[in-house]
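Inspection log for the structure reproduced underneath, given as C-alpha cells.
Heads up: numbering here begins at 1 and tracks the sequence.
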Amino acid sequence: MKRDWTQPAEERLVEYEARGGVALIRLQDPPANAYSYPMFRQIDDAILRARFDRDVHVIVLTGAGEKMFCAGANIEMLEEVDPYFKYNFCLHANETLLRLENTPKLVIAALNGHCVGGGLEIALAADLRIARRGGGKIGLPEVALGVLPGTGGTQRLARLLGKAKALELMVEGSVMDFEEAERIGLVNRLVEAKDATAFLEEVLAYARRFVPPGKAAKAVGAIKRAVHSGLEASLEGGLALERELQQQLFQSDDAREGFAAFLEKRAPAFEGK
C-alpha cells in the first residue's frame, strides 16, 4: 500500500531546541535527511516557533548524522505522487523557505555533510552557510534527473553568484567540495572539526556572537531585511526601505545603549529591543 504523503508524519522528522538565544532546527531522517511534504510541514512549524520566540535571535539549520546535511527531496515520495501533488509540494516548500528568508533573525545553515539538490536550496534560503572542512560535496545536479532545481535554486543561486556562474553550475549539474564552494562564495566559511558534533558546537558558538548582550540583534534583523527586500526593489526603493528601518532603529533601546556605550568608552549591553 502506498503511503498517503499528505498526512502529517507520526515520527519527528525535525528536531527543535532553543537555548541561549539560538534556535537549533535539525533535519532528522538519516542517513540522507531527504525531505518530504510531512518534513516540510515540521520545518515550517519550527521556523514559526523561532520567529515568535522573543528570546530567539539566531536560527541554526543542520542535518542529523555525520554524512548528510540534506540530499534533497524524498525520491520515493516523488515517484509515488501525481503531478498535482508535486506542484503543491513545491509551492509549499517555496512558501516555507520564503518564511525563513523573511524572518528578521539571522539564519545560519550548518553544513555537517553533503548538501546537494534540494538540500542546497534549503541552505540558500539561509543568510550564512558554514561548512565542515572536508565534510562533503555541494551542488544542484537536478538536470541529471531531467528536472530543474525547483525549490528556489534557480532564483537564489543566480542572486548569490550571478546569472552566468549560476547557469553554468546548474546546466552542468556541477557538484563540488566545500573548499571550492567557499572559493566561489557559495559557502561563507569553513570550520575545522574532528566530527559533526564538534562542528555543530563551533557553529553554535559563532551563532551566539549575534545574541544580546554582545550584539544588537534587532539591528542584525533590520540589516537582513534591508538586504533581502531592498535588492528586489529599485535602488530608490531600497534606499527608502533602508531609511525607514534606520529610523526604527534610532528609536530603539539598543541604539540608545550603543551610542551611550560609545561615548562612555565601554562595551555595550544590548537587549535586542
**OP:** Output, in order, the C-alpha distance, side-chain angles, deciding distance and verdict of side chain to side chain contact (heavy atoms under 4.5 Å, CB included) for N33 and F69.
**Re:** CA-CA 7 Å; N33 298 319; F69 171 76; over 6 Å; no
Subject >> side chain to side chain contact (heavy atoms under 4.5 Å, CB included) between I122 and T151, intermediate numbers included >> reply: CA-CA 8 Å; I122 292 174; T151 314; 5.8 Å; no
**OP:** Please assess T62 against L24 for the test side chain to side chain contact (heavy atoms under 4.5 Å, CB included), listing each intermediate value before the final yes or no.
**Re:** CA-CA 8 Å; T62 196; L24 176 62; 3.9 Å; yes
Original post:
Can you list the steps and then say if E142 with L148 is a side chain to side chain contact (heavy atoms under 4.5 Å, CB included)?
Top reply: CA-CA 5 Å; E142 283 89 344; L148 56 71; 5.7 Å; no
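The shortest side-chain heavy-atom distance between L98 and H228 does not fall under the 4.5 Å cut-off. No side-chain heavy atom of R49 sits under 4.5 Å from any side-chain heavy atom of V56. At least one side-chain heavy atom of K137 sits under 4.5 Å from a side-chain heavy atom of H114. Within the 4.5 Å cutoff, the side chain of D127 has no heavy atoms near those of the I108 side chain. Taking the side chain as every heavy atom from C-beta outward, V22 and V211 approach each other to under 4.5 Å. Side-chain atoms of V107 and K224, non-hydrogen and from C-beta on, do get closer than 4.5 Å to each other. Counting heavy atoms from C-beta on, the side chains of L186 and E180 never come closer than 4.5 Å. Contact of the V143 side chain with the V171 side chain is not registered, since no non-hydrogen atoms from C-beta on lie closer than 4.5 Å.
Atom CD of E11 sits in a crowded spot, with more than 12 heavy atoms from other residues, nucleotides or ligands closer than 6.0 Å. No more than 12 heavy atoms of other residues, nucleotides or ligands sit less than 6.0 Å from atom CZ of R225. Counting non-hydrogen atoms of neighbouring residues, nucleotides and ligands closer than 6.0 angstrom, the NZ atom of K67 reaches no more than 12 such neighbours. Residue R54 qualifies as open at atom CZ: its count of foreign heavy atoms under 6.0 Å is 12 or below.
Hydrophobic clustering (ILVMFWY, side-chain heavy atoms < 4.5 Å, transitive): L167 and I184 are in distinct clusters. Taken together through direct or relayed side-chain contacts under 4.5 Å among Ile, Leu, Val, Met, Phe, Trp and Tyr, M170 and V187 form part of one hydrophobic cluster. Hydrophobic clustering, with ILVMFWY side chains joined whenever heavy atoms are under 4.5 angstrom apart, groups F178 together with M176. A single hydrophobic cluster is seen to contain both Y16 and V14, as judged by linkage of ILVMFWY side chains at heavy-atom distances under 4.5 Å, directly or through other members. In the hydrophobic cluster analysis, where Ile, Leu, Val, Met, Phe, Trp and Tyr join through side-chain heavy atoms closer than 4.5 angstrom, L78 is grouped together with M39.
Distance CZ/R99 to CD1/I43: 12.0 Å, rounded to 0.5 Å. Atom CG in L13 sits 8.5 Å away from atom CD in Q28 (nearest 0.5 Å). Interatomic distance, CD1 of I138 versus CG of L124, reported as 7.5 Å (0.5 Å rounding). Atom CD of E242 sits about 12.5 Å away from atom OG of S229, to the nearest 0.5 Å. The line from CG of L48 to CG of D53 is 12.0 Å long, rounded to the nearest 0.5 Å. Taking CG of L157 as the start and CG of L140 as the end, the distance is 5.5 Å to the nearest 0.5 Å.
Of all the heavy atoms in I47 and I25, the pair that sits closest is N-CD1, 4.1 Å. Of all the heavy atoms in L241 and A226, the pair that sits closest is CD2-CA, 4.1 Å. Smallest separation of non-hydrogen atoms from G134 and E179: N-OE2, 2.8 Å. Of all heavy-atom pairs between A193 and A198, the closest is CB-C, 4.0 Å. Listed here is the closest heavy atom pair of A207 and V58: O-CG2, 3.6 Å. Between E202 and V191, the closest heavy-atom pair is CB-CG1, 3.7 Å.
Identified under the side-chain hydrogen bond (donor to acceptor under 3.5 Å, both in side chains) test for residues 204-220, with sequence neighbours left out: none.
Taking the charged nitrogens against the carboxylate oxygens, E101 and R156 do have a contact shorter than 4.0 Å, which makes a salt bridge. Ion pairing between a basic and an acidic side chain is recognised when a charged N comes within 4.0 Å of a carboxylate O; E66 and R132 show such pairing. Salt-bridge check for K273 with E257: failed, with every basic side-chain N at 4.0 Å or more from each acidic carboxylate O. The pair R256-D253 meets the salt-bridge criterion, since a charged nitrogen lies less than 4.0 angstrom from a carboxylate oxygen.
Between the side chains of T6 and D4, a donor-acceptor pair is found at a separation under 3.5 Å. For S234 and E236, the side-chain atoms include no donor-acceptor pair closer than 3.5 Å. Checked by atom type, the side-chain pair Q155/R159 shows a donor-acceptor distance below 3.5 Å.
Ring geometry for Y35 against F89 counts as tilted: the plane angle lies between 30° and 60°, on a 0 to 90° scale. A perpendicular orientation is assigned to the rings of F40 and H92, their planes being inclined by more than 60° (bins at 30° and 60°).
No donor-acceptor pair closer than 3.5 Å links the side chain of D45 to the backbone N or O of R41. Of the possible donor and acceptor atoms, one in the side chain of R129 sits under 3.5 Å from a partner among the backbone N and O of A123. Of the possible donor and acceptor atoms, one in the side chain of D254 sits under 3.5 Å from a partner among the backbone N and O of E271.
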